[in-house]
Protein chains: 2
Amino acid sequence: MVRMDDDLVFKALADPTRRLLLDRLFERDGRTLTELESQLEMTRFGVMKHLKVLAQAGLVVSRKQGREKLHFLNPVPIRQIHDRWIDKYREREVSALLDLKTSLEDTA
Amino acid sequence: MVRMDDDLVFKALADPTRRLLLDRLFERDGRTLTELESQLEMTRFGVMKHLKVLAQAGLVVSRKQGREKLHFLNPVPIRQIHDRWIDKYREREVSALLDLKTSLEDTA
DNA sequence: ATGATAGGTGACTAAAAGGTCACATGTCAA
DNA sequence: TTGACATGTGACCTTTTAGTCACCTATCAT
């Protein structure tokens, strides 16, 4: 299997601000730069740089609309990370283990 | 859901050498530092540092045996990354899309 | 015991990444 | 058309990280 830009994806995910941006887009897609900036303790320029990194990694796709630019989350690279180190045989047990852990935390 | 060390995990995955170490351990567990070092263009100290980062992230677990130390891959944090940005509803389509992509690449 | 082997620590240097700013372009609304 | 708004670029500084080395401890085999 070809893994063309895996380095860009992992580097992109390494920064907490960028992960937070992905979280915001996971909640709701199609946000603008200004909207994302308003929720971060950072200047517009910092957020813009982060969005660029995410876009080059393929984790975020953008579309221009008038003077605004809307940003969308692309989950495909995330799934590829998963498939790299979790084979289909072990997927069941790992997933089950995490479900159990989550339910324990919820009841606690 | 509590995500205690997610930053350590993502930072650990950001380096290509560390991902290569995970690949080697994914192929076969229980390797020693010396064995891992012999396959990398790097001094023992560099590899040791990388293993330490992976261990602190919980991606690698180690066990001492005599004067050797055996290293094992722990896939659980990987699965947690997956679950953060891929909900169970979208998992089917993303997974199917990637399976299709893989089969196309194989026949090409 | 002693030489060889496996692993560990702290200090150091060079490269990469995060963040800000001055400045600039394109778009909207009155 | 003109002022406000949304986004974009390049240079710059600071912090973090990757990698190496001198030096050290623990274990094995003879």
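Since the model is a prediction, treat every value here as computed from it, not as a measurement.
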>> Looking at the base of C:dT5, is there any donor atom on it, or on the side chain of B:Arg67, that sits under 3.5 Å from an acceptor on the other one?
In response: yes

> So which one's nearest nucleotide on DNA chain C is more toward 5', A:Lys64 or B:Met48?
Replying inline: B:Met48

> With no hydrogens and no angle check, is any side-chain donor or acceptor of A:Arg31 less than 3.5 Å from a backbone partner on A:Arg24?
Replying inline: yes

>> So if I take the C1' atoms of five pairs at each end of the helix from C:dA1-D:dT30 to C:dA30-D:dT1 and get each local axis, what angle do the two axes make, rounded to 10 degrees?
In response: 30°

>> Whether the side chain of A:Arg92 engages the backbone of A:Tyr89 through a donor-acceptor N/O pair (distance < 3.5 Å, no angle test) should be reported.
In response: no

> Got a donor-acceptor contact below 3.5 angstrom from the B:Asn74 side chain to the B:Val61 backbone?
Replying inline: no

> Any sub-3.5 Å donor-acceptor pair from A:Arg63's side-chain atoms to A:Leu70's backbone N or O?
Replying inline: no

>> So does A:Ala12 get a backbone contact from the side chain of A:Arg18, meaning a donor-acceptor N/O pair under 3.5 Å?
In response: yes

>> Within the 4.0 Å limit for protein heavy atoms, which parts of nucleotides 15-23 of chain C are touched? Write it as a string from 5' to 3', B for base, S for sugar-phosphate only, - for none.
In response: --SSBBBB-

>> What is the distance, to the nearest angstrom, from the CZ atom on B:Phe10 to the P atom on D:dT17?
In response: 15 Å

>> Is it the case that atom CD in B:Glu41 sees more than 12 heavy atoms from other parts of the structure closer than 6.0 Å?
In response: no

>> Taking B:Phe26 as the starting point, is it possible to reach A:Phe10 by hopping between hydrophobic residues whose side chains are less than 4.5 Å apart?
In response: yes

> Whole-Å distance between D:dT9 C1' and A:Leu33 CG?
Replying inline: 14 Å

>> Would the distance check show the side chain of A:Arg19 and the main-chain N or O of A:Leu13 forming a donor-acceptor pair, the cut-off being under 3.5 Å?
In response: yes

